[in-house]
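Each chain gets a letter, A, B and so on, in the order its sequence line appears, and its residues count up from 1.
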Number of protein chains: 2
Amino acid sequence: MSNEKGPDHSRRKERSRQAIFAATRALVVEEAYEKVTVEAIAARAGVGKQTIYRRWPSKSAVVFAALLALSEDADGQSVALPDTGDLEADLKLVMRATAEEFADPSFDRLIRALNTEIANDAALAAEYREKLARPLEEAKKARLRGAQEAGQLAADADLDLVLDVLYAPLFQRWLHRSGPLTAAYADSLVDATLRAFRP
Amino acid sequence: MSNEKGPDHSRRKERSRQAIFAATRALVVEEAYEKVTVEAIAARAGVGKQTIYRRWPSKSAVVFAALLALSEDADGQSVALPDTGDLEADLKLVMRATAEEFADPSFDRLIRALNTEIANDAALAAEYREKLARPLEEAKKARLRGAQEAGQLAADADLDLVLDVLYAPLFQRWLHRSGPLTAAYADSLVDATLRAFRP
DNA sequence: CTCGCAATACGGATCGTCTCGTTTAGTCGA
DNA sequence: TCGACTAAACGAGACGATCCGTATTGCGAG
């Protein structure tokens, strides 16, 4: 007798959870963000509103969780940057790929929604940093540490600063739509960063 | 006979316009942003809702216009960076001042609201770039051009890129609350940028 | 039979529209 | 010069629609 826990409702729960996430993502991608409503999510997921509010306290939390889960699934456990030994080539590869990601309309809408939520909620912002930003940063910093040991990067460089200088311009250009995210732009960011922090 | 234009109702218009802007700014500063409603703005400004909707198509547009007007007033016509001939000192002065501005809670809320609006509306983003970002950028680029001529900056440097590398990390750190905006951080951004683009 | 869930009704709040008297600025006649 | 007249703009707020978050109900799986 499983008197410890109730019977196995976890599968049912998990199914509706995934349905809610899928519906949320679909709506964020295809509708104007302000039209993404809890009622629309529930209808599309084929669940009752109460099932959503039973698990998350607000619409923001649902959207955030859906996007967070997306990245967690995608990443799996293995977040690692390429390491061919050629720092410049590796970084340009990664930066070009990042620029392309941002150029994808679906990705654009998803990340824009995510940024909207975390820009106005310090608690969500902290959770975002903890669960998404930090692991990615650690992976990037691991690659940079290797470069420092190989003498391709200043040994005393502040790696947080290096990452800021490398990524923030791309992010800002995307967020403010102040220019196209071309491969050339990605390359020039890598070049500038490497000049700033060369040994 | 002024058959060209109707009678001069501009004073009345202008008074309510300023009242609406003042009320909007006050509410953005002191309330959580989602509590800034058109009804609250109208009540505080002592105007009818229709007076607001007669001039702007949506709440977003009102908020945006109020914040835009704030900066336009503040700037006046003279946007110019200090130019003592010492590029590094001038930039550190400006970057430290910028970091302090972002640390001010009122300024923080105003700019956060502004960014929320423009992140999800490409038209507002374009207007923002045109009316606010561009003039500031031009002033900054004018200072950098002087530095290029004085041989303090690489003559072939892309000034848009220089500005991105200089400012974007500060902006992103503020937006994502990923770290404190200290004078030391401001200085290190100037140092990194000057290393990346030295002659 | 029992229990969790989908469906849906509900109250509260806000948006954006509409209507209604009132105020205001400009016009004109005495 | 001055006080009524007119038309536009206005403050106030009622209204329908929509959405949030809560509470209730009826059904179907186990």
*Figure out the CD/C1' separation between B:Glu14 and D:dC10, and round it to whole Å.*
16 Å
_Would the base of D:dA23 count as contacting A:Gln50 through its side chain, where contact means a donor and an acceptor less than 3.5 Å apart?_
yes
*Take atom NZ of B:Lys35 and atom P of C:dG12, then tell me their distance rounded to the nearest Å.*
15 Å
*Kindly assign one of parallel, tilted or perpendicular to the pair B:Trp56 and B:Phe21, based on the angle between their ring planes and the thresholds 30° and 60°.*
tilted
*Respond yes when some side-chain nitrogen or oxygen of B:Arg55 is under 4.0 Å from OP1 or OP2 of D:dC10, and no when none is.*
yes
*Would you kindly give the CG-to-P distance between B:Leu27 and C:dT14, to the nearest whole Å?*
12 Å
*Taking the side chain of B:Thr51 as its heavy atoms from C-beta onward, which of C:dC18, C:dA6, D:dC10 lies nearest to it?*
D:dC10
*What integer distance in Å separates A:Glu34:CD from D:dC20:P?*
12 Å
*Would you mind reading off the distance between B:Arg15 atom CZ and C:dT24 atom P, rounded to a whole angstrom?*
8 Å
*Could you check which of C:dA7, C:dA9, C:dG16 has an atom nearest any side-chain atom of A:Lys49?*
C:dA9
*So, the side chain of B:Asp90 versus the backbone of B:Leu81: is there a donor-acceptor pair under 3.5 Å, distance only?*
no
*Check the distance between D:dA9's C1' and B:Ile52's CD1 and give it to me in whole angstrom.*
15 Å
*Taking only the side-chain heavy atoms of B:Lys59 (C-beta and beyond), determine which of D:dA23, C:dG16, D:dC10 contains the nearest atom.*
C:dG16
*What is the minimum heavy-atom distance between A:Gly151 and A:Pro199, and which atoms define it?*
O-CG, 3.0 Å
*Counting just side-chain N and O atoms, does B:Arg54 come under 4.0 Å of either OP1 or OP2 of D:dA9?*
no
*With respect to the phosphate group of C:dT14, does any side-chain polar atom (N or O) of B:Thr37 fall under 4.0 Å of OP1 or OP2?*
no
_Aromatic A:Tyr185 / basic A:Arg173 pairing, under 6.0 angstrom, 45° off normal_ = yes
*How long is the line joining OH of B:Tyr53 and C1' of D:dA12, in whole Å?*
15 Å
*Atom-to-atom span, CD of B:Glu39 to P of C:dG16 - whole angstrom*: 11 Å
_5' precedence on DNA chain C between B:Val38 and A:Ala42 (nearest-nucleotide basis)_ = A:Ala42
*Near-ring test A:Tyr167/A:Trp174, centroid separation under 6.0 angstrom*: no
